[in-house]
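Throughout, residue positions are numbered sequentially from 1 according to the sequence presented.
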Amino acid sequence: MSLRTRTSLRLTAATVGAVLLATGCNAAAKDDDAGKGAKGKAFTLVTPDPVAQNEFLKLAVAGVKAAAKSQGGSQKVFQSSDNDSRQQNVASAVDSAPDVIALVGFEFADIVAQQAEAHPKQQFLLVDACTKKTYENVTCAVFREHEAVYLAGAEAGLLTKGKKVGAVDVLDTPQFRRYSEPFAAGAKKVRPGVTSRTLFVGGQSPFNDAARAKDQAATLASGGADQVMAAAAGGNTGVFQAAKGKGFQAYGVDANQCVGNPGVVVDNVLKKTDVAVEKGIAQILDGKGGTTVSYGLKEGGMSLTGLEPGVADSACLIAKPANKNVLQRVEELRDDIVAGKLTVDDPAA
């Protein structure tokens, strides 16, 4: 599961601008008619929230466009804004009967289950979630977030001056602890003697409570943590504010959060929805649908901003020349994980 806000656990832009949709359905179809009329396969992507400046969803859009280009076909994107528009958009997508309907997020799990039963010939690709029941026409793409979080933890272990790291996590559940426990494990791997502490947002709005996340981050800093994993979803803004005020360094999730928080964010745990969408569609067209595929470091579905091309322009602290040795060590750990020489424990296993 992605750390997206509810406005999901992804960080959605505060303003949606011209892309804001009342129901998401008609406006989205009009906005994303790229490839309309093209011969070949047809693909539709349905997002749980408006794309706007949401980098996580932008990647998914890039993935469906890449799939359409490689297949010589067409693609449409239906952008949702709430649960009603999600249901309407999925129904509209089914009515148009494309070769594959791709959907991003746990918000679609129940909707896809209902539609898959009612329309057994329609192929669905559910990214970053899966249905409780297995369907021959539903392919799931999930992520091994803990692998990349471990690498971020290794960076923290190499960079900490006080040998104390921490994490602000959304909820105390196995799935969400994928963003805190591996962070601590990675830090301890490269720096014996490092201690860690995790605080949870919780409350009535655990996915979007910046004030609570800021308080928890400040508490970690008061306890000596100088490297903090920001796994608070929409509350990450609060963690970054605390980092600026308290002088510690933070780590973002899902997309590059360094740009909006210069001088604060070391690196980001990237979840590549574009890879999952493009490869998932190809898998279905190859007759290998109806299964669940896990994307981690080996498959290119998870990474760090520091390990990607263009890191020099990322505005991340890890890009500083002084951190060159840190990145080299992290690259070694990544290679060991990919080669199967190092296994990262999965709290959700």
Side-chain angles (χ1 to χ4, degrees), residues 1-2 4 8 10 21 24-25 28-29 31-36 38 40-51 54-80 85-116 119-131 134-143 254 271-295 299-301:
M1 182 180 293
S2 170
R4 303 170 296 126
S8 302
R10 276 168 313 273
L21 309 173
C25 190
D31 183 56
D32 292 284
D33 272 343
K36 184 176 181 180
K41 304 294 184 178
F43 313 114
T44 298
L45 172 70
V46 186
T47 68
D49 305 304
V51 176
N54 187 322
E55 298 299 329
F56 184 82
L57 294 181
K58 281 184 177 182
L59 286 176
V61 173
V64 74
K65 288 183 176 180
K69 182 177 181 180
S70 65
Q71 298 294 331
S74 62
Q75 55 79 28
K76 288 185 178 180
V77 178
F78 288 172
Q79 304 179 49
S80 312
S85 64
R86 291 172 197 135
Q87 294 187 25
Q88 293 170 11
N89 281 339
V90 175
S92 296
V94 170
D95 287 343
S96 63
D99 292 273
V100 180
I101 298 175
L103 313 97
V104 181
F106 60 89
E107 297 93 336
F108 290 109
D110 292 339
I111 299 174
V112 168
Q114 295 170 0
Q115 292 287 354
H119 305 277
K121 293 185 178 180
Q122 175 64 60
Q123 291 291 328
F124 296 90
L125 171 63
L126 185 53
V127 178
D128 203 25
C130 199
T131 54
T134 300
Y135 299 93
E136 292 184 357
N137 59 330
V138 177
T139 301
C140 298
V142 297
F143 297 89
D254 286 347
K271 182 175 291 188
K272 298 187 177 182
T273 46
D274 55 338
V275 172
V277 170
E278 184 177 5
K279 288 189 174 182
I281 288 175
Q283 173 188 340
I284 292 171
L285 296 181
D286 197 33
K288 299 177 181 178
T291 60
T292 297
V293 178
S294 177
Y295 290 90
E299 298 79 12

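Atom-to-atom distance recorded for L45:CG and I281:CD1 is 8.0 Å, nearest 0.5 angstrom. Atoms OG1 and CG, from T292 and L126 in turn, are 9.0 Å apart once rounded to the nearest 0.5 Å. Taking CZ from F43 and CG from L285, the interatomic distance works out to 5.0 Å, rounded to the nearest 0.5 Å. We find the CD-NZ distance between E278 and K272 to be 12.0 Å, quoted to the nearest 0.5 Å. Interatomic distance, CG of D110 versus CD of Q87, reported as 9.5 Å (0.5 Å rounding). The CD1 atom of I111 lies 7.5 Å from the CZ atom of R86; values are rounded to the nearest 0.5 Å.
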Test I101 against Q122 for side chain to side chain contact (heavy atoms under 4.5 Å, CB included), laying out the working first. CA-CA 8 Å; I101 298 175; Q122 175 64 60; 3.6 Å; yes
Could you check F56 against K271 for side chain to side chain contact (heavy atoms under 4.5 Å, CB included), going step by step and ending with a plain yes or no? CA-CA 8 Å; F56 184 82; K271 182 175 291 188; 3.6 Å; yes
Side chain to side chain contact (heavy atoms under 4.5 Å, CB included), that's the test. Do F124 and V94 meet it? Break it down for me. CA-CA 10 Å; F124 296 90; V94 170; 3.9 Å; yes
Hey, mind stepping through V293 and K279 against side chain to side chain contact (heavy atoms under 4.5 Å, CB included) and telling me if it holds? CA-CA 10 Å; V293 178; K279 288 189 174 182; over 6 Å; no
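Side-chain atoms of D99 come within 3.5 Å of backbone N or O of A42 as a donor-acceptor pair. Put simply, the side chain of Q283 gets close to the backbone of K288: a donor and an acceptor are under 3.5 Å apart. For the pair N89 (side chain) and S85 (backbone), a donor-acceptor distance under 3.5 Å is present. Looking at T139, its side chain does come within 3.5 Å of a backbone N or O of G290 through a donor-acceptor pair.
Scanning all heavy atoms of the two residues, the minimum distance from A276 to F143 falls at CB-CZ, 3.7 Å. In plain terms, the two heavy atoms of A93 and S96 that are nearest each other are O-OG, 2.8 Å. The shortest non-hydrogen separation linking C130 to A109 is O-CB, 3.8 Å. When all heavy atoms are compared, the tightest approach of A116 to N137 is O-ND2, 3.3 Å.
Residues satisfying the salt bridge (charged side-chain N to carboxylate O under 4.0 Å, His left out) test with D274, not counting sequence neighbours, are none. K58 pairs by the salt bridge (charged side-chain N to carboxylate O under 4.0 Å, His left out) definition with E55, not counting sequence neighbours.
In this structure, F108 and V127 have side chains that are not in contact, with every pair of non-hydrogen atoms separated by 4.5 Å or more. For the pair P48 and L57, the minimum side-chain heavy-atom distance is below 4.5 Å.
Of the listed residues (L125, V46, T47, T44), just one forms a side chain to side chain contact (heavy atoms under 4.5 Å, CB included) with L103, and that residue is V46.
Side chains of E107 and S80: no donor on one and acceptor on the other come within 3.5 Å.
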